[in-house]
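Each chain gets a letter, A, B and so on, in the order its sequence line appears, and its residues count up from 1.
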Protein chains: 2
Amino acid sequence: MPRTSTKTESPVRRLTSDYRLEDQVGFLLRRAYQRASSNLVDRIGSYDLTAPQYATLARLYERGALSQNLLGRLVAMEPANIRDVVLRLKKRRLVATRRDPTDKRLILIDLTAAGTALVEQLIPIEIACTATTLVPLKANERKQLYDLLGRLADG
Amino acid sequence: MPRTSTKTESPVRRLTSDYRLEDQVGFLLRRAYQRASSNLVDRIGSYDLTAPQYATLARLYERGALSQNLLGRLVAMEPANIRDVVLRLKKRRLVATRRDPTDKRLILIDLTAAGTALVEQLIPIEIACTATTLVPLKANERKQLYDLLGRLADG
DNA sequence: CCGATATCGTTATGATCATAACGATATCGA
DNA sequence: TCGATATCGTTATGATCATAACGATATCGG
């Protein structure tokens, strides 16, 4: 086995630098999200679902039929993005679409029976997954994290 | 102006549900990262740089020449991903590549003069951007957040 | 020395993401 | 009523992302 190789590293140290990438909150958030997302895919990947797809199904389960655009806002996806997710879910018959009779602009999305059954299977898995992700933190720390992240996300 | 439209919402309430998507840490992390990333692009977008591209340049600035693979690990990108980022940066002459003479597998990546100059311009902007993202939090809360996120990310 | 194993970079596939521009529909205000 | 404005969904473009499979190179153990 070749050594794990910090081999090519040269400790050049340019000019300034009390700067560290690790101190940038965006970088930390990206890595934490990678971890959480990876945990979820490990558990629900066998269902061939991604985290955004799961979020979409879960939201429909919570709220019932929604227009494609509103659904997108509720799962934090742009119109062009939620469109593709809905198309994939529709192709697998997990959601169904119909026109809103009173507003011809809208496409209403809803879970199918199969979609509903799948979400009900997945919800406990996702809850367990969240627990796994939070293992490094104590109970009071988790509550603190939720508070802080919520305030960051909402601006 | 059409109303902001919770129009199509139907409060169907399926089976169970003390379940809420907002309680899943992955969903919160994704939204917080969206916010941070958006803040960064607002500020450095005029340089035609994305957050991952900036992270890559910043890491090279901190560490000097690195193999493509190690560089990828240090910015939390898969080999296939860091490859594309490096290609784009190389096309813009912000980084240069050369073969490692002692290990023919490696491609060494380093900043060009132009790349170095650009990073030195961008670092203060990024620091300001992090400050903006953290505005909702008080100083002690920021410290707490860093601690919690770090432990989540490192598993 | 040499085969087993590990690492590096590449290729291919598929799913997110954000942005801008566009036509169709809906609503508002004068 | 009717034009200005807003929303909805679509299309196109480009950048992330993760995964699996692959050849080339490097290292280790016997």
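Checking the phosphate oxygens (OP1, OP2) of D:dT10, no side-chain nitrogen or oxygen of A:R105 falls inside 4.0 Å. Here B:R30 reaches the OP1 or OP2 of C:dC17: one of its side-chain N or O atoms lies under 4.0 Å away. Phosphate proximity of D:dT7 to A:N69: absent, as no side-chain N or O sits under 4.0 Å from OP1 or OP2. Using a 4.0 Å cut-off, no side-chain N or O of B:R83 falls inside it from OP1 or OP2 of C:dG9.
Distance B:L94 CG to D:dA15 C1': 16 Å, rounded to the nearest Å. Atoms CG (A:L40) and P (D:dT19) sit 12 Å apart, rounded to a whole Å. Computed from coordinates, the B:Y33 OH to C:dC17 P distance equals 10 Å when rounded to whole Å. Rounded to an integer number of Å, the gap from A:N81 CG to C:dT16 P is 7 Å.
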### Task
Please assess A:R73 against A:N69 for the test side-chain hydrogen bond (donor to acceptor under 3.5 Å, both in side chains), listing each intermediate value before the final yes or no.
CA-CA 6 Å; A:R73 287 200 300 277; A:N69 196 276; 2.5 Å; yes

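Within 4.0 Å of A:A80, counting heavy atoms only, lies at least one base atom of the nucleic acid. Nucleic acid contact for B:Q68: sugar-phosphate only, since backbone atoms but no base atoms lie under 4.0 Å from a heavy atom of the residue. Using a 4.0 Å heavy-atom criterion, one finds that A:P79 contacts the bases of the nucleic acid, with or without backbone contacts as well. Using a 4.0 Å heavy-atom distance criterion, B:V85 is classed as a sugar-phosphate-only contact.
Remark: B:L57 CG to B:E62 CD distance equals 11.5 Å, nearest 0.5 Å.
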